[in-house]
Amino acid sequence: MEEQSEATQQPQGELAKGYEHREVEARWYRVWKERGYFHGDERDRTRPAFSIVLPPPNVTGSLHLGHALTATLQDILIRWKRLSGFNTMWLPGTDHAGIATQMVVEKELKRTEKKSRHDLGRAAFLERVWAWKEQYGSRIGQQHEALGACLDWERERFTMDEGLSRAVREVFVRLHEEGLIYREKKLINWCTDCRTALSDLEVEHEEGHAGELWSFAYPLVSPAGGLAEIVVATTRPETMLGDTAIAVHPEDGRYAALVGSKVRHPLTGREIPIVADAILVDPKFGTGAVKVTPAHDFNDFEVGRRHGLEFLTVIGFDGKMTAAAGPVAGLDRFEARKEVKRLLAELGLERGAKANPMALGRCQRSQTVLEPLLSDQWYVKIAPLAEPAIRAVEEGRTRFVPEQWTNTYMAWMRNIHDWCISRQLWWGHQIPAWYCPDGHVTVARETPVACSTCGTTTLRQDEDVLDTWFSSGLWPFSTMGWPDRTETLKTFYPTSVMETGHDIIFFWVARMMMMGIHFMGEVPFKTVYLHPMVRDSKGQKMSKTKGNVIDPLLVTEKHGADALRFTLAALTAQGRDIKLADERIDGYRAFANKLWNASRFALMNLEGHVDGGGDPIGQARTPADRWILARLQRAVNETVEALEAFRFNDAANTVYHFVWHELCDWYIELSKESLNGDDPARKAAAQAVLVHCLKSSYLLLHPFMPFITEELWGVLRRRVAASAWPDSIMEGRYPTVGLVDEAAERAFAPVLGIIDAIRNIRGEMNIAFKVALGQETPVHVAVTDAATHALLLAGESKRVARLTHVENLQLHLAAATPRMPQSTVGVGVGFEVRVPLAGVVDVGAETARIDKELARVDADLRLIEGKLSNPNFVARAPAEVVEKDRARVEELRTTKLKLINHRAVMSGADQPTEEKTMENNTPNPSVTPAPAQPVGEKVEQAATAVVEAVKAEAVKLEQQMEKRAAPTIRKARKAVAKARKAVKKGVANARRAVKKGVAGAKKAYKKAGKSFSRKAPSKAGKRPVKKVAKKKVAKKAKKK
RNA sequence: GGGCGCUUAGCUCAGCGGUAGAGCAUCGCCUUCACACGGCGAGGGUCGUAGGUUCGAAACCUACAGCGCCCACCA
């Protein structure tokens, strides 16, 4: 705990001027770990459990930003739940990643020693892999620590450690006993490069591969039905050496007579039967005759089974043609393709070729074109396992977030094929099956002494290993000690959330569901949250081959782990990929700095403050204090709600906005009045509120930015000498949802509005009050509401003055400020601000400014008035919407009138005498001397001037509106013309009808499973054009 | 071939039935005693196109276009 004391030694009230993440982040992780904050207590049943298992990264890999995202989101959930009183447990671990790891080590072996794994032999090679694992396995842990992930390291597991291997054998044996694991010789996807079988999922389909459909003729042994040959087409000419049938459709008249007869293989002389198969053959495609290669094509394999055909293997596991391939034996399969084409052409049997874009299956790992080959493999019979996993989701026992993934999951599960689980690799769980010389199979948990069938003791274990995903599929319970019934399982299974990328829904999520339900009798997780993919700033997928993989450690070093975490969270919106740009991370680093400095400000202003945790100075709170507390509660509510719904971006943005733009930009500035003032009660209140807001901000932010919040928590805690604050923020309590003091928000809104208005005038007119005009330049503020007026009098006006750098603020309780010819004005709901600028104000500029404001107000007004004048709106819209609009219209009208008045004054009516206003004008003479009431002619004159100005304004506005409406009118006219034309010719109608009809027909045909012809006539969409056109015009007119 | 997603300000994206938003970038002002990793102000959008539903559509429906992803054994 040396780190702690280091922090403690920091002199009170002093923080470095800027936040240095390197120094702070280096300190805390070990402290947390040593204090045991990361450990979930399996015996604790007093608190609700919240558990997550970390998707295990490849043990020899290195984390990339996708992992950083996973770690960040899960850590956010864990820390948030932890602070909210849950017994949290986050289980880390790594995956042995069969093919990936083996290939890496093989490559290394080749590079350094120029040896293959076969040169070393199985045992020696595996030793190398284990050594590799030991060397690189720890890197992942370090990366997670740098990110601040509070993983329960005491529970760290590896898919090939003893316990998990035991679970794997247990599952294999049980499934085998239940008849759900079987061994069979059938076609599998084979990678000739990796030299292993693959599951369907490991096949990548290359869309639109430029294939060629090449045709050639098989001569009939004995010509019949007027035919001497049958022409077939293929994308893989080399497989013709393995053809053992020609298939035609049973109802195809062209070939009816030939079924049962034979063709002669032009290259090997074999006789091949012609069979009828309705499933394989579409008589309308090509020539209607199909060559059948049962040993090298999945469809043909089925045909072979149906018709009892010979399975002739002509391509070997090495991708070279076998001896059975006759003239091309020994050639590589792609070479053989060329050679076969040449030979057949030579024989005069080529019958043309055409381009044929096709999907090509490639190995996910090596990108090699896969070869369907016959071999003995182990399979999991998946349908009986899938069914309960489907039901669990249907019944809502597990739900997907975002919801759309439910469909993806369901579609795959409902169309699932048996899972090939054996791999011809060395690195992995060796299959617990033993063979005796007679070929009997013994499946057992431990090495058996004798064959279970014949009793012989010469047994040989199956050399293959299991698919990596077989062990990963058990992860949620194998890591918790299964098959033993451990306390950990009882407490933390099922896990609360599975958080991972959507790219492994099938590979992993689906399999965990099936295995979890089957062996635990309960779903492995209640919620599956699928995060977006992280891409680079150009939107490209990060991959080693592209070289755009970013090591999170480099980012944390540069910007800080907190900044990276916050960025990832802020960008994690549902249903969209994350494009990570450096500037964005830097922006959030600035945010950390902002928080740091807000705290620094607090430390400088807290002398004497003791936080007892209670609320001793409630009465002294100013409206500003109450306002920020209301805003805090609102932020808390929104943050918690967002987290509950996994809307990480909303949660992050809410806290960000509160801390920076409300706490820092507004409250801290406002609080300076109290903190620097001479009222001790107010000062104490401001201190308490500030401390409370900062403390709450740290807690709210802690899941996102654990390091800086922990550091600041400690610093502030020591400063306020609070016994109520736990040592570490990790023992704190997350703020809870509560009622927002809306009255406090409302009451303070005018103050904020007035400040905005004054700042707006300054900014717009580029006025530096102090510099250009001296300190006495008065700023007049008139408010219509007595309560607001009282509030300002009671001290809030001082805040206004401070925040706007105005020294001479004149407050009036009135509908409007005193008139003065050369001035500038700002208007808001319930107040008006005026700055006299005799000799300085640029009348032209000010008029322009007011015009701009007027145009804006007027646009709004027109819109809402238009709505309100629509009887349908008033009648059908919800009452509160209408009410809201009515109130808004009143506000806008008032504002407009004030602006028009002001403008009139600006442009010449230098002695306006009567205020045109729609509000109650109840001047309070004790505060503001009522303006002297002018009399006689002058009144008349001034009034006329005002009226004239208003009239001029109206004309101008009308012109403006006309201009605005012009495009609409033009459009409407166009529509009329178009409609006339359409009526005359009926063209538009016909077009629409045809289009609609075609679409409908297309759908109908598709539904019927038939091909679609464009000739289909249609009766749909026969709406008379005249009506359509009229309606259109009417609508446009209405809009106007 | 089937399915899913996306198209909103210069860029990256929120919003998903009631007055078009954020961050960054841009422009102007401010070196004010927490922070220039800062403050204040401003400009910038016919919300992909065309129809429809609705009092009201960026949002819901339909079609189309472009981009992206997933699944799939049509020779």
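Reminder, nothing fancy here: chain letters follow the sequence lines and each chain counts from 1.
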Considering Watson-Crick and G-U wobble pairs with both distances under 3.5 Å, what does B:C27 pair with? B:G41
Could you tell me how far B:G43 sits from B:C27 if I compare only their P atoms? Round to whole Å. 16 Å
Looking at B:C71, B:A34, B:G23, which one has an atom nearest to any side-chain atom of A:A598? B:A34
OP1, OP2 of B:U32 versus side-chain N and O of A:K672: anything below 4.0 Å? no
So what does A:W660 hit on the nucleic acid, given a heavy-atom distance under 4.0 Å: a base, only sugar-phosphate, or nothing? sugar-phosphate
For RNA chain B, whose closest nucleotide is more 5', that of A:A590 or that of A:G286? A:A590
Output the single nucleotide from B:C71, B:C35, B:A34 whose closest atom is nearest the side chain of A:N593. B:C35
With sugar-phosphate meaning primed atoms plus P, OP1 and OP2, does A:R589 contact a base, only sugar-phosphate, or nothing at under 4.0 Å between heavy atoms? base
Let me know which of A:Y19, A:F566, A:W596, A:F658 forms a ring pair (Phe, Tyr, Trp, His ring centres under 6.0 Å) with A:F591. A:F566
Salt bridge between A:D297 and A:R236, side-chain N to carboxylate O under 4.0 Å? no
A:D277 near the nucleic acid: base, sugar-phosphate alone, or nothing, with a heavy-atom cut-off under 4.0 Å? nothing
Go through B:C35, B:U19, B:G41 for me and flag the one nearest to the A:D860 side chain. B:U19
Given the C1' atoms of B:A58 and B:G15, what is the spacing between them in whole Å? 9 Å
Counting side-chain heavy atoms from CB outward, which of B:U12, B:U19, B:G5 is closest to A:Q404? B:G5
With a non-hydrogen cut-off below 4.0 angstrom, is A:P871 in contact with a base, only sugar-phosphate, or nothing? nothing
Below 4.0 Å: OP1/OP2 of B:G5 and any side-chain N or O of A:W405: no
When all nucleic acid strands are considered with a 4.0 Å heavy-atom cut-off, which category describes A:N407: base, sugar-phosphate, or nothing? nothing
Is A:R236 touching bases, backbone alone, or none of the nucleic acid, heavy atoms closer than 4.0 Å? nothing
Would you mind telling me which of B:U19, B:A75, B:A14 lies closest to the side-chain atoms of A:N649? B:A14
In whole angstrom, give the distance that lies between atom CZ of A:F591 and atom P of B:C24. 12 Å
Pick the nucleotide of RNA chain B nearest each of A:H502 and A:Y656; which residue has the one closer to the 5' end? A:Y656
Examine B:C69: is either OP1 or OP2 under 4.0 Å from a nitrogen or oxygen in the side chain of A:H205? Give yes or no. no
Select base, sugar-phosphate, or nothing to describe what A:Y19 touches, counting heavy atoms under 4.0 Å on all strands. nothing
Is a salt bridge present between A:D885 and A:R888, judged by a nitrogen-to-oxygen distance below 4.0 Å? no
May I ask you to say what A:H661 touches in the nucleic acid, namely base, sugar-phosphate or nothing, with a heavy-atom cut-off under 4.0 Å? sugar-phosphate
Taking the same atom, C1', in B:A9 and in B:A20, what whole-Å distance lies between them? 10 Å
Passing candidate, side chain to side chain donor-acceptor pair (under 3.5 Å) with A:R362, options A:H205, A:E206, A:E202, A:E204: A:E206
Sidechain-backbone polar pair: A:N605 side chain, A:F601 backbone, donor-acceptor under 3.5 Å: yes
Name the nucleic acid region contacted by A:L187, choosing base, sugar-phosphate or nothing; use a 4.0 angstrom heavy-atom cut-off, strictly under. nothing
Nucleotide B:C70, atom P - distance to CG of A:D200 in whole Å: 17 Å
Does any donor-acceptor pair link the side chain of A:K594 with the base of B:C37 at a separation under 3.5 Å? no
Give the nucleotide from the list B:C37, B:A34, B:A14 with an atom nearest to the side chain of A:A573. B:A14
Value in whole Å for how far the P atom of B:C37 lies from OH of A:Y588: 19 Å
Select one nucleotide: of B:A14, B:A34, B:C37, the one nearest the side-chain heavy atoms of A:D650. B:A14
Answer for the Watson-Crick or wobble partner of B:G48, both distances under 3.5 Å, is B:C64
Can you tell me the base-pairing partner of B:U32? Count Watson-Crick or G-U wobble geometry only, both distances below 3.5 Å, and say none if there is no partner. none
Base, sugar-phosphate, or nothing for A:R856, non-hydrogen atoms under 4.0 angstrom? sugar-phosphate
Using atom C1' in both nucleotides, what's the gap between B:G56 and B:G48 to the nearest angstrom? 23 Å
What is the distance, to the nearest angstrom, from the CG atom on A:D503 to the P atom on B:C69? 13 Å
When we call it a touch if two heavy atoms are under 4.0 Å apart, what does A:A359 touch: a base, just sugar-phosphate, or nothing? base
Ionic contact status for A:R799 with A:E673, cut-off 4.0 Å: no
Can the ring centres of A:W405 and A:Y409 be said to be less than 6.0 Å apart? no
Should A:K579 be listed as having a side-chain N or O under 4.0 Å from OP1 or OP2 of B:C13? yes
Expressed as a whole number of Å, how far does the P atom of B:A14 sit from that of B:C71? 23 Å
In whole Å, what is the span from the CD1 atom of A:I578 to the P atom of B:A14? 10 Å
If pairing means Watson-Crick or G-U wobble with both distances under 3.5 Å, then the partner of B:G56 is none
In Å, rounded to the nearest 0.5 Å, how long is the span from CG of A:N760 to OG1 of A:T804? 12.5 Å
Drop me the distance from A:L309's CG to A:D300's CG, to the nearest 0.5 angstrom. 9.0 Å
Side-chain (A:E865) to main-chain (A:V889) donor-acceptor, under 3.5 angstrom: no
Rounding to the closest angstrom, what is the interatomic distance between B:C11 and B:A25 at atom P? 15 Å
Measure CD/A:E583 against C1'/B:A25 and give the value in whole Å, please. 10 Å
Separation of atom CD1 in A:I246 from atom C1' in B:A75, rounded to whole Å: 11 Å
Pairwise P distance for B:C61 and B:A22, with rounding to whole Å: 28 Å
When we call it a touch if two heavy atoms are under 4.0 Å apart, what does A:E669 touch: a base, just sugar-phosphate, or nothing? base
A:N760 side chain N/O closer than 4.0 Å to the phosphate oxygens (OP1, OP2) of B:A42? yes
Of the nucleotides B:G39, B:G23, B:A75, which one has an atom closest to the side chain of A:N356? B:A75
Using Watson-Crick geometry (N1-N3 plus N6-O4 or O6-N4) or G-U wobble (N1-O2, O6-N3), each under 3.5 Å, B:A9 is paired with none
Can you tell me how far P of B:G43 sits from CD of A:E853, to the nearest Å? 10 Å
Pair assignment for B:G17, Watson-Crick or G-U wobble, requiring both distances under 3.5 Å: none
With a 4.0 Å cut-off on heavy atoms, is A:V281 in touch with a base, just the backbone sugar-phosphate, or nothing at all? base
Which part of the nucleic acid, if any, lies within contact of A:I864, taking any heavy atom under 4.0 Å across all strands shown: a base, the sugar-phosphate backbone alone, or nothing? nothing
When you compare B:G3 with B:A72, how far apart are their P atoms, in angstrom units rounded to a whole number? 15 Å
